[in-house]
There are 2 protein chains.
Amino acid sequence: MKLSVRGEYALRALTVLGESPRDCVVRIQTISDRENIPKRFLEQILNELRTAGFVESRRGIAGGYRLSRAPESIPLAAVIRHLEGKLAPVGCVSEKFYERCSCPDESRCALRSVMKEVRDAIANLLENLTVADLVKRAGALRVKPDMGLDYSI
Amino acid sequence: MKLSVRGEYALRALTVLGESPRDCVVRIQTISDRENIPKRFLEQILNELRTAGFVESRRGIAGGYRLSRAPESIPLAAVIRHLEGKLAPVGCVSEKFYERCSCPDESRCALRSVMKEVRDAIANLLENLTVADLVKRAGALRVKPDMGLDYSI
DNA sequence: TTAAATTTGATTGGATTGGTCAAGATTCAC
DNA sequence: GTGAATCTTGACCAATCCAATCAAATTTAA
């Protein structure tokens, strides 16, 4: 798994949206300022998130974006899969984006068996963490920066 | 972490080298045939592995490649770091390839704390697995293909 | 109606990827 | 030695992806 800047911005934006009350929208400019994200680029990203169904928008002078579901029900894995594709390090062990590789026999490929473990470790974490967790952590970190980064989910 | 085809080929090639006795060299053509890897491309990759110190070569008519250390002492993490760069999904949580990101305060970044966990999970696996493990697994899989892919390292 | 904001889609420059090719250097068998 | 087999080096290429920008259209509150 690799998170491009695009995906990073998306998750940071979702965190901001998750932090503000569900019933009011947040302007692109606000997110852009708070998170230090190029505005034009953020427009594009939020639009992707909208067509993917994670957020909804309201246009016009009082417009902006908000989450379209409860933050607890947006797993990070879902967001990342939508923006970046597979979680797995290689296609031949991906559940949602499987693709055959060039090795002569997948069922006997030692590398594949190792990569499968890596994939599972990543998926396990990201399926169980949601935007709500990001919000929670952001709150905690605001009080106690870094805090050793020790979490148990 | 993401494994490009280049990295995949490298690890498969190392497995082949690990399978043959330490004191004799294996020809590029042999590896290329056995693992179904484009020969020209493999030359390039083996050369990288050589300058990185993982393998050594012998030229001439009786030439070829072999591991330059015991397979037990070549962690997969080391190989991947050399060929692909960081294991971490983002630079700001990488141990060996750290790079600052754009967020206003890293020590309070919720996304970063999550990504740190992902990085640690990946690193934990790949630091502890070596080329010797690939060889072992290849042997086991030859007898019992796929075997549910259940390993505990 | 008009000003502020989002929406949409095209475009750009640059980096990365997977891969090929040609020419040279090295070594060993005979 | 000489030739054959091999490794070594580095240039090259087409395709794709990335981050970012721009212009124009659309929407809506006041």
Side-chain angles (χ1 to χ4, degrees), chain A residues 1-13 17 24-33 35-53 55-66 68 80 82-86 89-91 97 99-103, chain B residues 1-13 17 24-33 35-52 54-66 68 80 83-86 89-91 97 99 101-103:
Chain A
M1 188 226 144
K2 192 211 149 198
L3 202 61
S4 68
V5 178
R6 170 187 240 85
E8 191 190 316
Y9 288 169
L11 289 170
R12 300 225 310 262
L17 296 183
C24 62
V25 298
V26 183
R27 274 190 291 162
I28 287 189
Q29 189 64 60
T30 308
I31 304 176
S32 160
D33 290 345
E35 288 291 325
N36 195 23
I37 300 172
K39 194 187 155 197
R40 302 280 195 175
F41 197 23
L42 183 57
E43 287 173 16
Q44 199 177 115
I45 293 167
L46 283 171
N47 194 32
E48 280 182 71
L49 289 176
R50 189 177 54 78
T51 59
V55 302
E56 48 195 32
S57 69
R58 187 177 153 148
R59 341 203 226 184
I61 194 169
Y65 281 89
R66 69 175 169 206
S68 61
I80 294 174
H82 224 277
L83 271 84
E84 311 272 357
K86 60 180 181 307
V90 285
F97 298 86
E99 44 193 338
R100 175 123 185 60
C101 85
S102 69
C103 75
Chain B
M1 187 227 146
K2 194 212 148 199
L3 202 62
S4 66
V5 177
R6 172 184 240 85
E8 190 190 316
Y9 288 168
L11 290 170
R12 299 223 311 261
L17 295 184
C24 62
V25 299
V26 183
R27 273 190 292 162
I28 286 189
Q29 191 63 60
T30 309
I31 305 177
S32 160
D33 290 345
E35 289 292 325
N36 195 23
I37 300 172
K39 193 187 156 196
R40 301 278 195 177
F41 198 22
L42 184 57
E43 286 175 16
Q44 202 176 111
I45 293 167
L46 283 171
N47 194 32
E48 280 181 70
L49 289 175
R50 190 181 51 79
T51 59
F54 297 116
V55 302
E56 48 195 34
S57 68
R58 189 179 154 143
R59 340 202 229 183
I61 196 169
Y65 281 90
R66 68 175 169 205
S68 61
I80 294 176
L83 272 84
E84 312 272 356
K86 61 181 179 310
V90 285
F97 299 86
E99 44 193 338
C101 85
S102 69
C103 76

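As the structure is a prediction and not an experimental result, all values here were calculated from the model. Here is how names work: the chains are called A, B, and so on, in the same order as the sequence lines, proteins then strands, and each is numbered from 1.
Proximity of B:Glu48 to B:Phe54: side-chain heavy atoms (C-beta onward) are nowhere separated by under 4.5 Å. Inter-residue side-chain proximity for B:Leu83 and B:Leu11 is flagged as unmet; no heavy-atom pair is nearer than 4.5 Å.
The nearest whole Å value for the distance from the CG atom in A:Leu42 to the P atom in C:dA5 is 15 Å. Straight-line distance from the CG atom of B:Leu49 to the C1' atom of D:dT9: 16 Å, rounded to whole Å. When the P atom of D:dC7 is taken as reference, atom CZ of B:Arg66 falls 14 Å away, rounded to whole Å. The CG atom of A:Leu46 sits 15 Å away from the P atom of D:dA20 (whole-angstrom rounding). One can place CZ of B:Arg58 at 17 Å from C1' of D:dT8, the figure rounded to the nearest angstrom. A:Phe41 places its CZ atom 9 Å from the P atom of D:dC18, with the value rounded to the nearest Å. As rounded to whole Å, 12 Å separates atom P of D:dT21 from atom NZ of A:Lys39. D:dA5 atom C1' lies 11 Å from atom CD of B:Gln29, rounded to whole Å.
Not one side-chain nitrogen or oxygen of B:Ser4 sits closer than 4.0 Å to the OP1 or OP2 atom of C:dT16. Considering only side-chain N and O atoms, A:Tyr9 lies under 4.0 angstrom from the phosphate OP1 or OP2 of D:dA20.
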List every contact pair, protein side and nucleotides 8-14 of chain C side both N or O, where the distance is under 3.5 Å.
from  : atom 1 : to      : atom 2 : distance (Å)
C:dT8 : OP2    : A:Asn47 : OD1    : 2.8
C:dT8 : OP2    : A:Arg50 : NH2    : 2.1

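With sequence neighbours excluded, the residues satisfying side chain to side chain donor-acceptor pair (under 3.5 Å) with A:Asp33 are A:Gln29.
The closest donor-acceptor contact from the side chain of A:Arg58 to the backbone of A:Val25 lies at 3.5 Å or more, if one exists at all. With hydrogens and angles ignored, the 3.5 Å screen pairs a side-chain donor or acceptor of B:Ser32 with a backbone N or O of B:Ile37. Formation of a donor-acceptor pair under 3.5 Å by the A:Arg59 side chain with backbone atoms of A:Ala62 is not found in this model. Although no hydrogens or angles enter the test, the distance criterion places a donor-acceptor pair under 3.5 Å between the side chain of B:Glu84 and the main chain of B:Ser4.
Candidate nucleotides C:dA29, D:dC7, D:dA19 were compared by shortest atom distance to the side chain of B:Tyr65, and D:dC7 ranks first.
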